[in-house]
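The block underneath contains the structure these notes are about, expressed in structure tokens.
FYI, the numbering just counts along the sequence from 1. Side chains are part of it too, since the values below use all heavy atoms of this structure and drop only hydrogens, waters and symmetry mates.
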Amino acid sequence: MDVHLRKVHRKPSSDYADGYYFVTVCTHNFVHSLGEIVDSKLVPTVVGGILDRCINEITQHYHYIEVVEYVVMPNHWHALFWINAPDIALDTTEDKGCLHAPAHEIKHTPFAKRTHFNSLLARAVGGVKSAVTRKAKSLGLKFKWQRGFYDNIVTHQEMFDKICYYIENNPESWELDRFYKNAAIGI
């Protein structure tokens, strides 16, 4: 059996349960389904508006996360999260289906050597992605996220400041953005 294992991009030495994290989540094939930039401001599509609401409501669902700064762009979004969850332990004794400890082996399956990573950060980002997708589908809109997300662990004040500046000014430098594509509005 040919089994393709997905590479885990998270830093093994971090449990992603405490600290600041810069996250980028992209739409599938970088389609401009979240809006368009007009005069350095995002004019959101319906899906872009749904995403904005979901990001603003994240603390209601994940009490340990604060959204420090975020921006929705035509084909991606960035967020700077503060996770403050020293009291939340990822219990390895209780069966939570997919939500085991941060890395675990799936025993007695063709994927036995695969590790699975479900940090608090991954749960929250996945929750936002799922909520947006479900709402878009319920409205009859075709929408899809790129698999996974990008993250950086913020390690010092200068990095924090640069990320905040980048997020705040991202719409103004849209045409220079590495995710800029000349694709039509997807929705």
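Atom-to-atom distance recorded for Asn152:CG and Tyr21:OH is 11.5 Å, nearest 0.5 angstrom. Distance CD/Glu175 to CD/Glu172: 12.5 Å, rounded to 0.5 Å. Remark: Glu36 CD to His32 NE2 distance equals 10.0 Å, nearest 0.5 Å. Between the OG1 atom in Thr24 and the CD1 atom in Ile167 there is a gap of 8.0 Å [rounded to 0.5 Å]. One distance of note links CG of Asn170 with CH2 of Trp77; it measures 13.5 Å at 0.5 Å rounding.
Residues satisfying the side chain to side chain donor-acceptor pair (under 3.5 Å) test with Lys162, not counting sequence neighbours, are Glu158. Every residue two or more places apart in sequence or in another chain that forms a ring-ring contact (aromatic ring centres under 6.0 Å, His included) with Tyr166 is listed here: His78. Residues forming a side-chain contact (heavy atoms from CB on, under 4.5 Å) with Asp161 (at least two apart in sequence, or on another chain): Gln157.
Both Met159 and Ile83 belong to a common hydrophobic cluster when Ile, Leu, Val, Met, Phe, Trp and Tyr are linked at side-chain heavy-atom distances under 4.5 angstrom.
Using a 4.5 Å heavy-atom threshold, the side chains of Asp177 and His76 count as touching. Here the side chains of Leu42 and Pro74 are in contact, with some heavy-atom distance below 4.5 Å. At least one side-chain heavy atom of Val23 sits less than 4.5 Å from a side-chain heavy atom of Leu121. The side-chain heavy atoms of Trp145 and Val25, taken from C-beta on, include a pair separated by under 4.5 Å. Residues Leu139 and Val46 form a side-chain contact, since some pair of their non-hydrogen atoms from C-beta on lies under 4.5 Å apart. Looking only at side-chain heavy atoms (C-beta outward), Ile50 and Phe143 stay at 4.5 Å or farther from each other. Here the side chains of Ile163 and Val154 are in contact, with some heavy-atom distance below 4.5 Å. Using a 4.5 Å heavy-atom cutoff, the side chains of Tyr150 and Cys26 are in contact.
Although no hydrogens or angles enter the test, the distance criterion places no donor-acceptor pair under 3.5 Å between the side chain of Ser173 and the main chain of Leu176. Checked by atom type and distance alone, the side chain of Lys129 pairs as donor or acceptor with a backbone atom of Gly148 at under 3.5 Å.
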inquiry  = Go through it in stages, so that I can follow the logic: the residues are Trp82 and Val68, the test is side chain to side chain contact (heavy atoms under 4.5 Å, CB included), and I'd like the CA-CA distance, side-chain angles, deciding distance and then a yes or no.
reply    = CA-CA 7 Å; Trp82 178 46; Val68 177; 4.0 Å; yes
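The minimum heavy-atom distance between Asn169 and Tyr165, with the atom names listed, is ND2-O, 2.8 Å. Residues Ser33 and Thr27 approach most closely at OG-CG2, 3.8 Å, considering heavy atoms. Considering all non-hydrogen atoms of both residues, Ile37 and Pro171 come closest at CG2-O, 3.7 Å. Considering all non-hydrogen atoms of both residues, Ile55 and Val67 come closest at O-CG2, 3.9 Å. Between Asn75 and Val31, the shortest heavy-atom distance links the atoms CB-O, 3.4 Å. Minimum interatomic distance between Glu168 and Glu69 (heavy atoms only, all atoms of both residues): OE2-OE1, 3.4 Å.
Checking Tyr62 against Glu66 by side-chain atom types alone, no donor-acceptor pair falls below 3.5 Å.
Between Phe160 and Tyr20, the distance separating the two ring centers is shorter than 6.0 angstrom.
Judged by the 6.0 Å distance and 45° axis criteria, Arg123 is not positioned over the aromatic ring of Phe81.
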